[in-house]
Amino acid sequence: MNLLEVDCVETAYGAITVNRDVSLVAAEGEVVTILGPNGAGKTTLLRAICGLLRPRRGHIRLEGADVAGLPADRLARLGIVMVPEGRRIFAAMTVRENLRLGAYARADRSGVDADIALMQSFFRILDQKGEAKGGALSGGQQQMLAIARGLMARPRLLLLDEPSLGLSPLMVKEVRGVIGEIRRRFGTTILLVEQNAGLAMAVAERAYLMNNGRIVQSGPIEALRDSASVRDLYLGAGRAGAGAGAGAGTGAGVGWPGGGAAGAASPSAS
Ligand code: ATP
């Protein structure tokens, strides 16, 4: 059985419909990516899956049980956790305090302490910087903290929204390694939204391509990588999107594996 099933979901902000008729699945332990240009509706879909936005139509099933519309804290207890774009760590709190906050929905105190230690051994930089304020970390270190904070909830399904955004090539590589390691070590199912297709295709087994709020293509990574139409759509829209992102100071990086005009990654400094 699939861990996650998104079935004909529609989302909207007020009168503006974002996602239409979106269906996707993720099997237990799978890494699945949603690719697509800026504004395609990827983040909005993740928000619906983790309970930050109530879908207007459709079903979201976790192991067969419909969880659509449940609040985010309830879904976190059921195992759906999102690491948001932009990291959103608590700048005035220490690394360890940030980690503890990730476990807010858990009642097992001793388990939480053990998991803080586990995260600090898994992400060694978080051990070295345990008493540093979150705001004093570099962008890459903050991303590691955001992912570790998400793992503190012991998710079954981890939603990662643009983890490479604004990171240096070195840190993008590190994020890539961490995603693979999370899966190997914890068996966590991961739904990854990425502008950096090089990163996404390196870690995911299957991909969905989203455009204008709809899934327009899906399949194994190899099939999507070799699809000229996908490549053109993604890179064409991605170039325009990357320009807009850079203008807005987001440092959005768009990369297609194997180079091309966009290269393998175009991140700003971490
Ligand atoms: P990006 O890579 O830029 O984050 P995305 O594919 O994740 O793109 P979304 O962030 O889901 O796209 O945005 C989809 C559409 O919804 C965009 O047109 C965006 O302007 C709009 N939108 C996003 N958030 C809101 C909001 N809170 N209120 C109204 N419209 C929104």
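Here the structure is a predicted model, which means the values were calculated and not measured. In listed order, ligands and their atoms are each counted from 1.
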Neighbour count >12 (heavy atoms, 6.0 Å) for atom CG, Asp113: yes
Verify atom 4 (O) of ligand 1: protein non-hydrogen atom under 4.0 angstrom away: yes
Select one of side chain, backbone, both or neither to describe which atoms of Met210 lie under 4.0 Å from any atom of ligand 1, heavy atoms only. neither
Out of all atoms in ligand 1, which are within 4.0 Å of some heavy atom of Glu162? Include the element for each. 2 (O)
Would you tell me whether Asn19 and Thr44 have side-chain atoms, one donor and one acceptor, within less than 3.5 Å of each other? no
Below 4.0 Å from ligand 1: does a non-hydrogen atom of Gly41 turn up there or not? yes
Of Arg56, Arg54, Arg214, the residue whose pairing with Glu10 passes salt bridge (charged side-chain N to carboxylate O under 4.0 Å, His left out): Arg56
Does CZ belonging to Arg57 count more than 12 external heavy atoms closer than 6.0 Å? no
Closest to atom 9 (P) of ligand 1 (heavy atoms only, candidates Ile34, Asn211, Thr44) is Thr44
Measuring from the heavy atoms of Pro37, does anything fall under 4.0 Å of ligand 1? yes
Got a donor-acceptor contact below 3.5 angstrom from the Asp161 side chain to the Val193 backbone? no
Going by the order shown, which atoms of ligand 1 are within less than 4.0 Å of some heavy atom of Glu85? 4 (O)
State if Arg47 counts as touching ligand 1 under the rule of any non-hydrogen atom under 4.0 Å. no
Ranking Gly36, Gly39, Ala48, Ala12 by closest non-hydrogen atom to atom 1 (P) of ligand 1, top hit is Gly39
Hey, which atoms in ligand 1 end up nearer than 4.0 Å to a heavy atom of Gln195? 2 (O)
If you scan the protein for heavy atoms around atom 25 (C) of ligand 1, do you find one that is closer than 4.0 Å? yes
Atoms of ligand 1 less than 4.0 Å from Ala40 heavy atoms? 5 (P), 6 (O), 12 (O)
Applying the salt bridge (charged side-chain N to carboxylate O under 4.0 Å, His left out) criterion to Asp115, which one of Arg100, Arg106, Arg96 satisfies it? Arg106
If we set the cut-off at 4.0 Å for heavy atoms, which region of Val18 has an atom near ligand 1: side chain, backbone, both, or neither? side chain
Spatial distance of atom CG (Leu145) from atom CE (Met119) [nearest 0.5 Å]: 11.5 Å
